[in-house]
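Computed from heavy atoms alone, side chains included, the values below leave out hydrogens, waters and symmetry copies.
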Amino acid sequence: MQIWRDVDEVPADLGRTVVSIGNFDGVHLGHAHVLREARSSAARLGIDTVVAVTFDPHPMAVLRPEHAPPTLTSIHTRARLLEDAGVDAMLVIGFDREIASWSPLEFIDRILVDTLHAGAVVVGSNFRFGAKAAGEVATLVEAGASRDFETVGVPLDGGPQVWSSTYVRQCLATGDVAGAAEALGRPFTVRGI
């Protein structure tokens with residue numbers, strides 16, 4: 001899998017892609033559902049490359065550090081899990097105050113259109129982006145109509161609790177490793193010295 005740590009590392013001759021955006025922390029079953037939809041969209045559109053766009057650090061670590069969640073996976077581990085889920089390339093955006101100030105349309109134009117040449121964007125139905133989280137799935141749908149990409153908003157998955165990184169963290173905090181493993185689709189692991 002290709003890993004780009006900056007938009008300048010993305011090849012200028014990159015063809016059309018299907019893009020999925022998110023923190024992908026933990027790469028849980030909800031993420032896997034979105035990524036299956038991205039792979040399915042790529043096959044339907046005849047596009048070879050599925051790209052996951054993620055952020056480092058987590059946006060909350062910049063915007064509200066006192067509320068930043070502990071990460072479940074390092075970027076290296078996230079890349080391996082994303083590759084296992086069918087992703088061909090990962091763009092890691094260094095999240096800072098400047099990027100936080102981008103409007104939804106600026107993010108769409110700079111990242112999705114100009115850098116990644118998106119033919120489709122596949123995100124969870126609760127996806128928010130841009131300054132003050134002003135963008136949502138409907139923003140992507142509207143922008144895509146004039147920028148030649150389609151948008152797929154994937155319904156949230158799980159049950160009875162929606163699978164999310166927050167849910168996995170809650171399970172781990174209360175010692176419910178079985179619940180975390182169920183949402184992750186694998187046992188939770190820790191690496192370190």
Side-chain angles (χ1 to χ4, degrees), residues 1-10 19-32 34-35 38 51-85 87 89-112 115-116 121-137 139-140 154 156 158 161-177 179-180 183-186 188-193:
M1 179 167 74
Q2 295 184 329
I3 301 173
W4 303 308
R5 291 288 212 152
D6 190 273
V7 294
D8 295 335
E9 294 180 9
V10 178
V19 180
S20 191
I21 313 161
N23 286 307
F24 296 109
D25 193 17
V27 191
H28 52 69
L29 292 178
H31 294 137
V34 170
L35 296 170
V51 178
V53 175
T54 191
F55 306 94
D56 188 36
H58 190 290
M60 288 297 284
V62 172
L63 300 173
R64 298 178 67 195
E66 68 280 6
H67 296 290
T71 57
L72 297 168
T73 52
S74 67
I75 291 294
H76 176 75
T77 300
R78 202 173 307 172
R80 181 180 50 78
L81 293 169
L82 287 168
E83 182 175 29
D84 291 347
V87 171
M90 180 171 83
L91 172 59
V92 181
I93 296 177
F95 195 85
D96 57 21
R97 292 248 175 225
E98 178 194 346
I99 290 171
S101 72
W102 289 1
S103 71
L105 289 180
E106 186 172 6
F107 182 87
I108 289 168
D109 289 336
R110 291 176 75 163
I111 302 299
L112 302 179
T115 302
L116 297 176
V121 178
V122 181
V123 293
S125 61
N126 65 342
F127 178 68
R128 304 296 299 229
F129 68 107
K132 298 185 180 179
E136 57 189 5
V137 174
T139 311
L140 289 166
V154 179
L156 300 183
Q161 173 69 38
V162 170
W163 291 320
S164 69
S165 301
T166 299
Y167 175 69
V168 172
R169 286 186 200 95
Q170 289 170 345
C171 286
L172 294 171
T174 61
D176 182 7
V177 293
L184 289 168
R186 65 183 184 284
F188 178 72
T189 59
V190 177
R191 293 174 191 248
I193 298 172

A.B. asks: Would you mind reporting whether Ile21 and Phe127 have side-chain heavy atoms less than 4.5 Å apart?
C.D. replies: yes
A.B. asks: Test your reading of the model: is there a side-chain donor-acceptor pair from His67 to the backbone of Arg64, 3.5 Å cut-off?
C.D. replies: no
A.B. asks: With sequence neighbours left out, which residue pairs that include part of residues 164-175 fulfil the side-chain hydrogen bond (donor to acceptor under 3.5 Å, both in side chains) condition?
C.D. replies: Asp25-Arg169
A.B. asks: About how many Å separate OG1 of Thr71 and NE2 of His58, when rounded to the nearest 0.5 Å?
C.D. replies: 9.0 Å
A.B. asks: Please check if atom NE2 in His76 has more than 12 non-hydrogen atoms from other residues, nucleotides or ligands closer than 6.0 Å.
C.D. replies: no
A.B. asks: Taking C-beta and beyond as the side chain, do Arg110 and Trp102 meet within less than 4.5 Å on heavy atoms?
C.D. replies: yes
A.B. asks: Tell me, do Ile108 and Phe129 make a side-chain contact under 4.5 Å, heavy atoms counted?
C.D. replies: yes
A.B. asks: Who passes salt bridge (Lys or Arg N to Asp or Glu O under 4.0 Å) against Arg186, sequence neighbours left out?
C.D. replies: none
A.B. asks: If you round to the nearest 0.5 Å, how far is CD1 of Ile3 from CD1 of Ile75?
C.D. replies: 8.5 Å
A.B. asks: Looking only at side chains, do Thr54 and Arg78 share a donor and an acceptor under 3.5 Å apart?
C.D. replies: yes
A.B. asks: Taking C-beta and beyond as the side chain, do Trp163 and Val168 meet within less than 4.5 Å on heavy atoms?
C.D. replies: no
A.B. asks: Under the salt bridge (Lys or Arg N to Asp or Glu O under 4.0 Å) test, which residues partner Asp176, sequence neighbours left out?
C.D. replies: none
A.B. asks: So do Val51 and Ser20 actually touch side chain to side chain, heavy atoms under 4.5 Å?
C.D. replies: no
A.B. asks: For the pair Phe95 and Phe55, name the ring-plane relationship: parallel under 30°, tilted 30 to 60°, perpendicular over 60°.
C.D. replies: perpendicular
A.B. asks: Does Arg128 reach the main-chain N or O of Gly135 with its side chain, forming a donor-acceptor pair under 3.5 Å?
C.D. replies: yes
